[in-house]
**Student:** 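Before I ask anything, let me first share the structure, which is written out below as structure tokens.
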Amino acid sequence: MNAFAPETGLLPGFSDPVAQSQKTFRAVLEATSRPGTIVSAPALPLAPAPLNPVAAALVLALVDYETPLWLDPACRQPAVVEYLRFHCGCPLVDDPAQAAFALVVDAQTMPPLSAFHLGSDEYPDRSTTLIIQVPNLDGGDNWRLKGPGIRDQAILSAGHLPAAFKSWVQDNHLLFPRGVDLLFAAPAQLAGLPRSTLLEG
Amino acid sequence: MYVAVKGGEKAIDNAHALMADGRRGDENVAELSLEQISGQLSLAVERVMTEGSVYDRDLAALALKQAQGDAVEAIFLLRAYRTTLPRFGSSLPVETGAMAIRRRISAAFKDLPGGQILGPTYDYTHRLLDFALAAQGGDRPPVAENAEPVEDSMPRVTDVLGHQGLIETSGEGAEMPGDLTRQPLNYPAGRDLRLQNLARADEGFVLALAYSSQRGYGNTHPFAGEIRMGEVAVELVPEELGFAIEIGEITLTECQMVNQFKGSKTVPPQFTRGYGISFGQCERKAMAMALVDRTLRAEDLGELVTNPAQDQEFVLSHSDNVEASGFVQHLKLPHYVDFQSELEMIRRLRRENAEAAQ
Amino acid sequence: MNTGYNFAYLDEQTKRMLRRAILKAVAIPGYQVPFGSREMPLPYGWGTGGIQVTAAVIGADDTLKVIDQGADDTTNAVSIRRFFARTTGVATTEKTVDATIIQTRHRIPETPLSDGQIMVYQVPIPEPLRWLEPRETETRKMHALADYGAMHVKLYEDIARYGHIATTYDYPVLVNDRYLMRPSPIPKFDNPKMDHSPALQLFGAGREKRIYAVPPYTSVKSLDFEDHPFEVQRWDQACALCGSTESFLDEVVTDDQGGRMYVCSDSDYCGERQKDQMQ
């Protein structure tokens, strides 16, 4: 990785953008098409605090000038904003309901999922995709998942989520085909929870 | 032996070689240069640029050469190349009011500020095959110098009418017009996207629709308010500079059709607009586009939508010749699996019919 | 490998756009996501949607198989396989079991698919309701309301007229009990292979600018009626080359006296079976 613009403190993005974007996308595709599966992140770029490398990789792979991005308050650090502006060129929006993507580094203080763009009945694809940074994918409550992409049942236990999170996810599923889609970014792994997934119990 | 589909790779290579052979033709005849195509088949080049959505005479000439003069194939080549071009930004709207005019006519007014300028046109030629041209050109009549220089002020006819409130305002355009080459068209489409679609649309398709609207399949009563052709500057504001710089000059043909409108409950009787534009001198296309732009405004103006040329889903979904050509011609691809399924079904239905008849 | 263009031809911004559309498609199984389809160097109607999906998905580690009518050596399959060989340099294969990505037109391989494989279907007309209602604005509303009565009526009219449903390919399916979907013009023989497939199934319609998906292990039901259950084609003959009685057979005309033979449409499946029989 080359030391890029060290005087401004701007961190480099992917060292091999074409290959690492593709590999990261495939990891996200795997996570989304098989909800609950814990997928190893194939590329871990240097990330400006408080972003972890997986959250940074997801943003680099998916976000650009066509996708308005919402940042949670904990994420709104100059180094992060500068990093996103430079590498992604994405517009930053204040209203979560305007966001194509949302980046949450502290889920404890995040607004409910219903605050984001939920899509419409005619265009459910226009909803927000949330990238939620978590310390681990096996330290929280065990959620039993059912739905497309899951053979019988899958278990996900992402850590450090607010108490109401499970009910948010259940309410989000009830909106189907509307609803947001979730990607959990642990320090070296990711998992997906699309709107189609039913959380049992 | 079963060999029906074997040898695909070799056959494809051979097909390419045969086409290359046909393209070159007789080796004793000099090969066409891009300069010749660009200079001497300029209207073909301009159509390819217009419908190919790339203003580059050399690339359009190359596409025409490669496609053996097939305009639709050349447009396809240019479009596919366009896909790979990075975007640096969007230009400012070009100011056609400040065009360096080479041709400017109005069918609505006998005379108008700036005057009528016939310029280059085949309109009044007698369509007699010129055998002198077959014999290497022959003599060209000298181009007469203009007795008077073209006036600097050449206001658009629609602006002249606008001062008197007799024509609708053109309306403030979208802050940033959409781009159907980046985002898929959703219906109903706004006028910005309809115009983009028509500008790229197949000339023959737009021409036929425009014609149908004149023959009663549509409710237009158009006047060619103005047609102008000439050069305009293209300006861009680079992020890092923050002010506009001129990046070049392009030739455009613009057509403003003026149409009757009887008015509605909220709008007094006035003229309405239809707008057409093309790269280069594709005047037929620009005029047809202006007619179809107006027919497609039927719904916005509270007119009944009863004809094909007024139906935006019908027009916009079928106007693109790269799409249309591909889909019509895909019927050449093997369909034997589906055909087999249909064959089985027909046999079964016939068997069942025969059994029922007994 | 041709280095004049970016890996897999498309620029990175276009790939990101496609990838975002694919992810939304997977999250809403069977729903058609509009996307900014690009002009490709192959004609519309010849697989540009499938090619864009494959270009967005494919990486250096992948092994690509391309089939048309079930065969690897039909001209369009050859052409698309060459396109990716030229623009990506990835390994290509004719073996279903060795492929990580299989781009297809009109067939699903006979060899069962497995976890981790991705099927990419080329789709000419993505909208299942299109013959019933030509307007996009109307069909979009019908999907929003899951109002699929018209399709049931259409199929029932077949039964009233012919005694059974007369649709033989591109037979409509209901995905995840929600969206009506066209499976692309595969014979209905292949429809059962889509149901709860371990493979991820992606569908690309380039000219119509739609991407849709069926995640692995997802319900895909062919529409039918209790008294007229869905059924697939069966042949009285076996494949003349490998003897299979399980596969989809193409009819090959051998002379102009009505002579014909039946052979597997899946060339890899048929070839592997013949090889096994030689041993």
Side-chain angles (χ1 to χ4, degrees), chain B residues 2 4-12 15 52-53 76-87 179-188 311 313-314 317 320 322-346 348-349 352-353 356, chain C residues 5-6 9-11 13-14 17 34-46 48 68-71 73-79 82 105-107 124 134-137 140 162-163 166 168-170 185-189 207 209-210 233 235 240-241 248-252 261 263 265 267:
Chain B
Y2 174 58
V5 297
K6 302 284 176 190
E9 302 225 8
K10 216 171 159 189
I12 289 176
S53 290
F76 179 18
L77 285 168
L78 202 54
R79 292 265 193 96
Y81 180 74
R82 184 183 189 274
T83 295
T84 66
L85 298 175
R87 299 224 147 187
D179 182 351
L180 57 80
T181 69
R182 313 296 285 183
Q183 303 287 336
L185 204 55
N186 297 317
Y187 296 106
D311 181 336
E313 276 208 40
F314 177 81
S317 312
D320 191 284
V322 178
E323 291 177 7
S325 161
F327 199 50
V328 166
Q329 297 203 63
H330 105 284
L331 294 175
K332 290 184 276 194
L333 291 179
H335 282 77
Y336 28 81
V337 166
D338 296 347
F339 187 71
Q340 186 64 46
S341 302
E342 292 290 270
L343 207 55
E344 289 296 316
M345 177 58 64
I346 295 274
R348 177 171 167 186
L349 292 176
E352 287 166 359
N353 274 354
Chain C
Y5 293 100
N6 195 21
Y9 188 74
L10 297 172
D11 61 279
Q13 199 281 327
T14 298
M17 175 276 295
F35 78 105
S37 181
R38 303 293 197 255
E39 260 110 1
M40 300 300 287
L42 284 79
Y44 280 127
W46 299 53
T48 54
D68 190 336
Q69 314 298 301
D73 52 4
T74 35
T75 40
N76 203 45
V78 169
S79 165
R82 276 186 168 187
R105 177 168 172 269
H106 295 194
R107 277 309 311 275
R135 278 170 203 288
E136 159 74 12
T137 37
R140 186 161 287 281
Y162 307 116
T168 58
Y169 63 92
D170 218 342
I186 56 171
K188 67 178 180 177
F189 179 89
R207 191 178 39 76
K209 303 167 181 59
R210 298 289 184 274
Q233 295 101 322
W235 284 259
L241 301 179
F248 187 93
L249 299 179
D250 282 338
E251 182 174 331
V252 181
M261 64 193 277
V263 294
S265 104
S267 54

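Order of the sequence lines sets the chain letters (A, B, ...), proteins ahead of strands, with each chain counted from 1. Being a predicted model, the structure only gives us computed values, none of them experimental.
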**Student:** I need the B:F76 CZ to C:L42 CG distance, nearest 0.5 Å.
**Tutor:** 6.5 Å
**Student:** Measure distances from C:Q233 to the heavy atoms of chain B and classify the residue's part below 4.5 Å as side chain, backbone, both or neither.
**Tutor:** side chain
**Student:** Would you mind checking which part of B:L343 comes under 4.5 Å of any heavy atom in chain C, side chain (CB onward), backbone (N, CA, C, O), both or neither?
**Tutor:** side chain
**Student:** Considering all heavy atoms of both residues, which atom of C:P41 and which atom of B:A80 are nearest to each other, and what is their separation?
**Tutor:** CA-CB, 3.8 Å
**Student:** Which heavy atom in B:G326 sits nearest to a heavy atom in C:P43, and how many Å separate them?
**Tutor:** CA-CB, 4.2 Å
**Student:** Under the salt bridge (Lys or Arg N to Asp or Glu O under 4.0 Å) test, which residues partner C:R82, sequence neighbours left out?
**Tutor:** B:E9, B:D13
**Student:** With a 4.5 angstrom heavy-atom cut-off, is it the side chain or the backbone of B:T84 that approaches chain C, or both, or neither?
**Tutor:** side chain
**Student:** Check whether B:R348 gets within reach of chain C through its side chain, its backbone, both or neither, counting any heavy atom under 4.5 Å.
**Tutor:** side chain
**Student:** Could you check which of C:A77, C:S37, C:A166 has the highest count of heavy-atom pairs closer than 4.5 Å to chain B?
**Tutor:** C:A166
**Student:** Counting only non-hydrogen atoms closer than 4.5 Å, does C:S265 touch chain B with its backbone (N, CA, C, O), its side chain (CB onward), both, or neither?
**Tutor:** side chain
**Student:** Go through the atoms of B:E323 and report whether side chain, backbone, both or neither lie under 4.5 Å from a heavy atom of chain C.
**Tutor:** both
**Student:** Main chain of B:Y336, side chain of C:Q69: is a donor-acceptor contact present, judged purely on distance under 3.5 Å?
**Tutor:** yes
**Student:** Quick one: of B:R82, B:E352, B:Q329, B:H335, who has the most non-hydrogen atom pairs under 4.5 Å with chain C?
**Tutor:** B:H335
**Student:** Evaluate side chain to side chain contact (heavy atoms under 4.5 Å, CB included) for C:Y169 paired with B:Q340, printing each intermediate quantity in order.
**Tutor:** CA-CA 10 Å; C:Y169 63 92; B:Q340 186 64 46; over 6 Å; no
**Student:** Could you measure the distance from the OG atom of B:S341 to the CZ atom of C:F248? Nearest 0.5 Å is fine.
**Tutor:** 3.5 Å
**Student:** What part of B:D311 lies closer than 4.5 angstrom to a heavy atom of chain C: side chain, backbone, both or neither?
**Tutor:** side chain
**Student:** To the nearest 0.5 Å, what is the distance between CG on B:D338 and OG1 on C:T168?
**Tutor:** 7.0 Å
**Student:** Step by step, would you call B:H330 with C:N76 a side chain to side chain contact (heavy atoms under 4.5 Å, CB included)?
**Tutor:** CA-CA 10 Å; B:H330 105 284; C:N76 203 45; over 6 Å; no
**Student:** Measure distances from C:S79 to the heavy atoms of chain B and classify the residue's part below 4.5 Å as side chain, backbone, both or neither.
**Tutor:** both
**Student:** For C:L10, is it the side chain, the backbone, both or neither that has a heavy atom under 4.5 Å from a heavy atom of chain B?
**Tutor:** side chain
**Student:** Identify which part of C:R107 has an atom lying under 4.5 Å from any heavy atom of chain B, answering side chain, backbone, both or neither.
**Tutor:** side chain
**Student:** How many angstroms lie between atom CZ of C:R207 and atom OG of B:S325, to the nearest 0.5 angstrom?
**Tutor:** 11.5 Å
**Student:** Which bit of B:E344 comes within less than 4.5 Å of chain C, counting heavy atoms only: side chain, backbone, both or neither?
**Tutor:** side chain
**Student:** Can you tell me which portion of B:L333 sits under 4.5 Å from chain C's heavy atoms? Options are side chain, backbone, both or neither.
**Tutor:** both
**Student:** Write down the atom of B:F327, the atom of C:P124, and the distance for their closest heavy-atom approach.
**Tutor:** CE1-CB, 3.6 Å
**Student:** Would you mind checking which part of C:R140 comes under 4.5 Å of any heavy atom in chain B, side chain (CB onward), backbone (N, CA, C, O), both or neither?
**Tutor:** neither
**Student:** Please look at C:Y162 and chain B and tell me whether the side chain, the backbone, both or neither of the residue comes under 4.5 angstrom of a heavy atom of that chain.
**Tutor:** both
**Student:** CZ of B:F339 to CG of C:D250: how many Å apart, nearest 0.5 Å?
**Tutor:** 11.5 Å
**Student:** Check whether B:Y187 gets within reach of chain C through its side chain, its backbone, both or neither, counting any heavy atom under 4.5 Å.
**Tutor:** both
**Student:** Please identify, among C:R105, C:M40, C:R210, the residue contributing the most non-hydrogen atom pairs under 4.5 Å to chain B.
**Tutor:** C:R105
**Student:** Show your working on side-chain hydrogen bond (donor to acceptor under 3.5 Å, both in side chains) between C:E39 and B:T83 and close with a plain yes or no.
**Tutor:** CA-CA 6 Å; C:E39 260 110 1; B:T83 295; 4.7 Å; no
**Student:** Which heavy atom in C:Y9 sits nearest to a heavy atom in B:Y81, and how many Å separate them?
**Tutor:** OH-N, 4.5 Å
